[in-house]
Number of protein chains: 2
Amino acid sequence: MALTREQLVDAAVGVLSEFGLADLSMRRLARELDVQVGALYWHVKSKQELLVDVAAKLLDSVPRPNVPTPELAPMSIAALLRQLRSALIAVPDSAEVMQLAQSMRPESLDPMGWLLEFLSIAGVPEADATYARHVLVNHLLGSIASHQEAVALSAGTEPGTVSTEWEEAAFDYGVRVILQGLALEHPPVV
Amino acid sequence: MALTREQLVDAAVGVLSEFGLADLSMRRLARELDVQVGALYWHVKSKQELLVDVAAKLLDSVPRPNVPTPELAPMSIAALLRQLRSALIAVPDSAEVMQLAQSMRPESLDPMGWLLEFLSIAGVPEADATYARHVLVNHLLGSIASHQEAVALSAGTEPGTVSTEWEEAAFDYGVRVILQGLALEHPPVV
DNA sequence: ACCTGAACACCGTTCAAGT
DNA sequence: ACCTGAACACCGTTCAAGT
């Protein structure tokens with residue numbers, strides 16, 4: 001049976017999750033899928049295009065939340081950000097991959113659309129909503145990136161030494177600060 | 001005269017500024033400096049180590065601001081962030097390089113220390129200041145990264161088409177939101 | 001339609017050996 | 001102390017040719 005684009009994307013997600021972006025080469029994927037490198041280029045135009053699909057797949061596990069009322073919108077936003085974080089935090093270099101996808105094909109990332117919608121519902125003026133989302137997404141991806149660089153660096157030393165607690169506290173703190181700065185009442189810490 | 005580590009770092013900053021991280025290879029630097037590749041590894045332990053030095057050099061142009069009074073601290077923070085932004089915005093992939101340096105050798109980046117200091121002066125509790133800095137730095141580097149990916153993508157199409165205005169407005173908006181969320185009075189837009 | 005084989009133009013890092 | 005020469009083990013992308 002012929003190779004499909006889906007199999008290719010799945011293989012890429014697998015390698016990324018287990019070994020990180022540095023090991024995610026077209027040649028390695030070809031080896032893993034028992035084809036020649038050139039075969040991959042029949043299914044995707046470039047490695048970049050493949051990574052955009054990988055990014056979308058990483059967010060597949062994040063369910064679309066119910067549309068909240070204005071009072072509940074800030075809590076929904078915080079909850080959605082937490083979901084995005086937990087979908088990405090265990091995948092090495094996921095922040096980098098997401099950033100690429102965001103600038104190459106933002107419409108392929110559904111949850112980012114929801115975020116904008118909820119900000120509007122929460123009362124952020126139309127003109128500011130896109131800015132506001134940027135601040136939140138920068139915080140999300142930034143937090144993930146520094147967590148993962150910390151993990152990567154501590155890989156040499158004793159394992160399991162990265163304080164997950166600190167990272168999570170820092171993340172939640174940031175979300176609260178930003179929502180508060182947007183003049184949305186910040187949700188209680190869950 | 002023998003090659004120095006400084007010359008190596010300067011050459012790296014040059015290539016990064018002109019051509020970006022993808023073109024910043026050890027082999028290219030060697031060519032540019034008229035030595036064999038191996039020679040570079042007498043001066044630096046690895047490419048990563050070189051990039052940490054590059055990151056520090058990129059911030060050399062940012063002067064240490066005077067230590068502000070508590071009332072002026074929020075304005076100093078906003079001003080410092082603007083300075084950092086303008087030192088980095090024109091250098092392709094600078095956000096990526098900074099993120100690496102931050103996690104590998106944070107103490108090599110003086111302005112990050114100043115930021116922490118000013119947050120304290122502004123009245124952010126000791127326990128929160130590091131979190132707060134993270135939020136601000138995530139915003140700074142995130143804004144720069146998305147600006148630069150936009151520039152990179154539009155390089156194929158008509159040039160000069162990236163709305164610098166929008167990016168700057170988004171950046172300032174974010175800084176205001178965060179400072180306000182920290183319960184510091186946000187400074188007037190300068 | 002889908003893939004192979006082979007090439008092109010590259011990488012980072014190491015290290016014996018030279019001066 | 002500082003560098004060369006050469007090797008090792010890789011990259012992404014293209015494309016004629018095969019089935």
Side-chain angles (χ1 to χ4, degrees), chain A residues 1-55 92-93 96-97 99-101 103-105 149 152-153 155-156, chain B residues 1-55 92-93 96-97 99-101 103-105 149 152-153 155-156:
Chain A
M1 54 299 183
L3 179 65
T4 67
R5 183 170 171 134
E6 270 209 86
Q7 279 172 53
L8 176 49
V9 174
D10 285 345
V13 169
V15 172
L16 184 70
S17 304
E18 262 201 271
F19 306 99
L21 203 53
D23 284 327
L24 181 46
S25 71
M26 296 305 269
R27 299 180 110 97
R28 165 145 195 182
L29 289 173
R31 231 177 297 137
E32 215 119 305
L33 294 164
D34 270 305
V35 292
Q36 298 299 113
V37 221
L40 305 184
Y41 286 86
W42 196 92
H43 296 276
V44 293
K45 187 176 136 298
S46 66
K47 187 181 175 180
Q48 279 213 2
E49 197 191 85
L50 174 59
L51 288 178
V52 171
D53 275 31
V54 167
D93 305 309
E96 225 173 305
V97 176
Q99 200 122 42
L100 182 86
S103 63
M104 292 235 328
R105 211 146 48 71
E149 299 234 45
L153 289 184
Chain B
M1 56 300 187
L3 179 65
T4 67
R5 183 170 171 134
E6 269 209 88
Q7 279 171 55
L8 176 50
V9 174
D10 285 345
V13 169
V15 173
L16 184 70
S17 304
E18 260 202 272
F19 305 99
L21 203 53
D23 283 326
L24 180 47
S25 70
M26 297 303 272
R27 298 179 110 99
R28 166 147 195 178
L29 290 173
R31 231 177 298 138
E32 216 118 306
L33 294 163
D34 269 304
V35 292
Q36 298 300 114
V37 221
L40 305 185
Y41 286 85
W42 196 91
H43 296 276
V44 293
K45 186 176 136 297
S46 66
K47 188 180 175 181
Q48 279 213 2
E49 197 190 84
L50 174 58
L51 288 177
V52 171
D53 275 31
V54 167
D93 305 309
E96 224 173 305
V97 176
Q99 199 122 43
L100 182 88
S103 63
M104 292 235 327
R105 213 147 45 73
E149 300 233 43
L153 289 183

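By convention in this document, chain letters (A, B, ...) are assigned in the order of the sequence lines, proteins followed by strands, and residues within each chain are numbered from 1. Keep in mind that this is a model prediction, so the values were computed, not measured.
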Expressed in whole Å, how much space separates the C1' atoms belonging to dC3(D) and dA16(C)? 12 Å

Quick one: list whatever passes side chain to side chain donor-acceptor pair (under 3.5 Å) with E149(B), sequence neighbours left out. S103(A)

So do the side chains of L51(A) and L21(A) get within less than 4.5 Å of each other, counting heavy atoms only? yes

Only distances under 3.5 Å count here; give the side-chain donor-acceptor pairs of residues 23-44 of chain B to other protein atoms, sequence neighbours excluded, each with its distance to 0.1 Å.
{"unit_1": "S25(B)", "atom_1": "OG", "unit_2": "R28(B)", "atom_2": "N", "d": "3.0"}
{"unit_1": "H43(B)", "atom_1": "NE2", "unit_2": "L3(B)", "atom_2": "O", "d": "3.4"}

Over how many whole Å does the gap from Y41(B) atom OH to dA6(D) atom C1' extend? 15 Å

Enumerate the residues from residues 12-33 of chain A whose closest heavy atom to DNA chain C is under 4.0 Å, giving them by residue number; use none for an empty result. R27(A)

Residues at least two apart in sequence or cross-chain that pass side chain to side chain donor-acceptor pair (under 3.5 Å) with E96(A), listed by chain then number, are none

Counterpart residues, side chain to side chain donor-acceptor pair (under 3.5 Å), relative to E49(B) (two or more places apart): R5(B)

Distances under 3.5 Å only, N/O to N/O: pair up the protein atoms with those of nucleotides 2-5 of chain C.
{"unit_1": "dC3(C)", "atom_1": "OP1", "unit_2": "L3(A)", "atom_2": "N", "d": "2.8"}
{"unit_1": "dC3(C)", "atom_1": "OP2", "unit_2": "H43(A)", "atom_2": "NE2", "d": "2.6"}
{"unit_1": "dT4(C)", "atom_1": "OP2", "unit_2": "Q36(A)", "atom_2": "N", "d": "2.8"}

Pairing pattern in dot-bracket form [Watson-Crick, G-U; both distances under 3.5 Å; | = partner strand] for DNA chain C: ||.|||||...|||||.||

Say you pick atom P in dA9(C) and the same atom in dA9(D); how far apart are they, in whole Å? 24 Å

Of all the heavy-atom pairs spanning A55(B) and A101(B), show the shortest one and how long it is. CB-CB, 3.4 Å

